[in-house]
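Provided herewith is a single structure, encoded as structure tokens, for subsequent inquiry.
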Number of protein chains: 2
Amino acid sequence: MVDNLTVPSPETEIPEEISGLRMTRQRREVYRILLQDRDHPTANDVFLRVKDALPSISLATVYNCLEALVQHGIVRQVNFERESSRFCPNVAEHGHFHDRSTGVIHDITFKPGVNLSDFLELPAGAVVTDIELTLRGQLGSI
Amino acid sequence: MVDNLTVPSPETEIPEEISGLRMTRQRREVYRILLQDRDHPTANDVFLRVKDALPSISLATVYNCLEALVQHGIVRQVNFERESSRFCPNVAEHGHFHDRSTGVIHDITFKPGVNLSDFLELPAGAVVTDIELTLRGQLGSI
DNA sequence: CCAATATCAAGAACTATTCTAAATTGGTTT
DNA sequence: AAACCAATTTAGAATAGTTCTTGATATTGG
Ligand SMILES: [Mn+2]
Ligand SMILES: [Mn+2]
Ligand SMILES: [Zn+2]
Ligand SMILES: [Zn+2]
């Protein structure tokens with residue numbers, strides 16, 4: 001039961017406007033797809049899924065919507081190596097664990113109270129505003 | 001004075017073969033460029049710099065050489081967001097701090113003795129084989 | 001209702017990277 | 001040395017994800 005209080009549940013009504021971004025039909029459906037299966041889909045994945053609700057939507061519009069959602073801090077864009085970007089409705093600070101055997105991507109959080117300088121040798125005077133952490137491996141090593 | 005014992009100094013003679021990879025003229029010069037300025041250049045940066053020594057080298061060859069060096073564990077490929085890949089001769093485990101004001105990329109290391117599970121809530125049974133960590137911010141906040 | 005503005009759709013353009021195929025190289029065998 | 005062979009290099013074409021351009025459509029507010 002993976003659940004995170006910083007993400008609205010899929011059943012919640014999506015309002016007219018979020019963080020100053022007007023929720024058009026397309027943006028709403030794109031966002032709903034992200035809330036529905038939190039599996040970090042690519043833009044193309046979202047495009048294929050959103051066609052059920054909006055059969056005439058274009059891939060360009062999916063990109064536009066994702067970009068608008070990201071720029072307003074409603075959605076996070078996640079990059080693994082050189083792969084297609086993936087999108088995540090969890091905007092709380094978190095990293096990712098990529099299970100190599102199943103391909104599943106798990107959100108991981110920092111333990112409460114830990115500080116970057118507790119475990120990293122940072123350059124003197126470094127002020128960190130953004131953290132990106134990706135782990136790769138397996139769950140239950142065979 | 002940033003220096004790391006896991007990286008050969010630029011003056012060191014590069015041998016005929018490293019980790020089973022024959023050092024051709026092109027591979028040697030590409031590797032030498034990476035050792036010379038440890039500023040995480042892109043493939044194109046390397047291409048431009050290596051032309052001094054090998055004016056007829058092609059960009060495809062630079063990509064080939066970098067790929068060979070990476071696959072033999074001699075060089076690390078580093079990706080930031082959707083930017084061009086960058087290349088780093090430091091193959092010890094390390095992360096990166098990207099200074100937003102200067103654009104400079106600093107290697108950062110984990111403090112000795114720290115364990116991932118000390119500061120992360122990992123999924124049960126996760127076996128981590130690879131870590132990618134990027135911090136962004138500024139040095140000396142103005 | 002009209003005008004201004006925002007958004008969307010379709011396809012072209014862009015760019016980093018990879019692929020293809022032919023030429024070159026370097027080492028090995030005759 | 002000459003012929004041979006495999007590995008490497010080269011140039012340019014192809015690819016794929018993403019962004020851009022442009023005209024159509026929708027929404028807002030007066
Ligand atoms: Mn996918
Ligand atoms: Mn550069
Ligand atoms: Zn996530
Ligand atoms: Zn590095």
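Values below: every heavy atom of this structure, side chains too, minus hydrogens, waters and symmetry copies. Residue numbers begin at 1 in each chain, while the letters A, B, ... track the order of the sequences.
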Between D:dT8, C:dT17, C:dA9, which nucleotide has the shortest distance from any of its atoms to the side chain of A:Ser58?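 My answer, after comparing the listed nucleotides, is C:dA9.
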
Is the distance from OP1 or OP2 of C:dT17 to the nearest side-chain N or O of B:Ser85 less than 4.0 Å? yes

Quickly work out the B:Leu54 CG to D:dT8 P distance and round it to whole Å.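 Going from CG in B:Leu54 over to P in D:dT8 covers 16 Å.
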
With a 4.0 Å cutoff (strictly under), does any side-chain N or O of B:Gln26 reach OP1 or OP2 of D:dT10? yes

Sort and list the pairs that fulfil salt bridge (charged side-chain N to carboxylate O under 4.0 Å, His left out) and have at least one residue in residues 110-127 of chain B, not counting sequence neighbours. none

Find the distance A:Tyr63:OH to C:dT7:C1' and express it as a whole number of Å.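 The distance from OH of A:Tyr63 to C1' of C:dT7 comes to 19 Å, rounded to the nearest Å.
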
Hey, does the side chain of B:Thr24 come within less than 4.0 Å of D:dT9's phosphate (OP1/OP2), counting only N and O? yes

Could you check whether B:Glu83 gets within reach of a base, just the sugar-phosphate, or nothing at all, counting any heavy atom under 4.0 Å?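 It contacts nothing in the nucleic acid.
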
Without decimals, in angstroms, what is the distance between B:Arg82 CZ and C:dT15 C1'? 12 Å

For B:Arg86 and B:Asn79, test the side chains for any donor-to-acceptor distance below 3.5 angstrom and give the result as yes or no.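 The criterion, which ignores hydrogens and geometry beyond distance, is not satisfied for B:Asn79 and B:Arg86.
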
At 4.0 Å (heavy atoms only), tell me whether A:Thr61 reaches a base, stays on the sugar-phosphate, or touches nothing. base

Could you tell me the separation between the CD atom of B:Gln71 and the P atom of D:dA7, rounded to a whole number of Å? 15 Å

Who are the ring-ring contact (aromatic ring centres under 6.0 Å, His included) partners of A:His96, not counting sequence neighbours?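 A:His96 satisfies ring-ring contact (aromatic ring centres under 6.0 Å, His included) with A:His40, A:Phe80, A:His94 only.
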
For nucleotides 21-29 of chain D, list the nitrogen or oxygen atoms of the protein found under 3.5 Å from its nitrogen or oxygen atoms, one pair per line.
unit_1: D:dT27; atom_1: O3'; unit_2: A:Arg22; atom_2: NH1; d: 3.3

Provide, to the nearest angstrom, the distance between the CG atom belonging to A:Leu59 and the P atom belonging to C:dA12.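 Atom CG in A:Leu59 sits about 15 Å away from atom P in C:dA12.
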
Drop me the distance from B:Ile18's CD1 to B:Ile74's CD1, to the nearest 0.5 angstrom.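 If we round to the nearest 0.5 Å, B:Ile18:CD1 and B:Ile74:CD1 are 5.0 Å apart.
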
Salt bridge (Lys or Arg N to Asp or Glu O under 4.0 Å) filter on A:Arg32, not counting sequence neighbours, yields A:Glu29

Tell me which pairs pass side-chain hydrogen bond (donor to acceptor under 3.5 Å, both in side chains) where either residue lies in residues 59-75 of chain B, with sequence neighbours left out. B:Ser58-B:Thr61

Starting at atom CG of A:Asn79, determine the distance to atom C1' of D:dT18, rounded to an integer number of angstrom. 12 Å

Separation of A:Glu81 atom CD from D:dG17 atom P, in whole Å? 16 Å

Which residues pass the side-chain hydrogen bond (donor to acceptor under 3.5 Å, both in side chains) test with A:Asp130, sequence neighbours left out?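 By the side-chain hydrogen bond (donor to acceptor under 3.5 Å, both in side chains) rule, A:Asp130 matches B:Arg136.
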
Could you give the CD-to-P distance, from B:Glu67 to C:dT17, as a whole number of Å?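 Distance, rounded to whole Å: 12 Å.
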
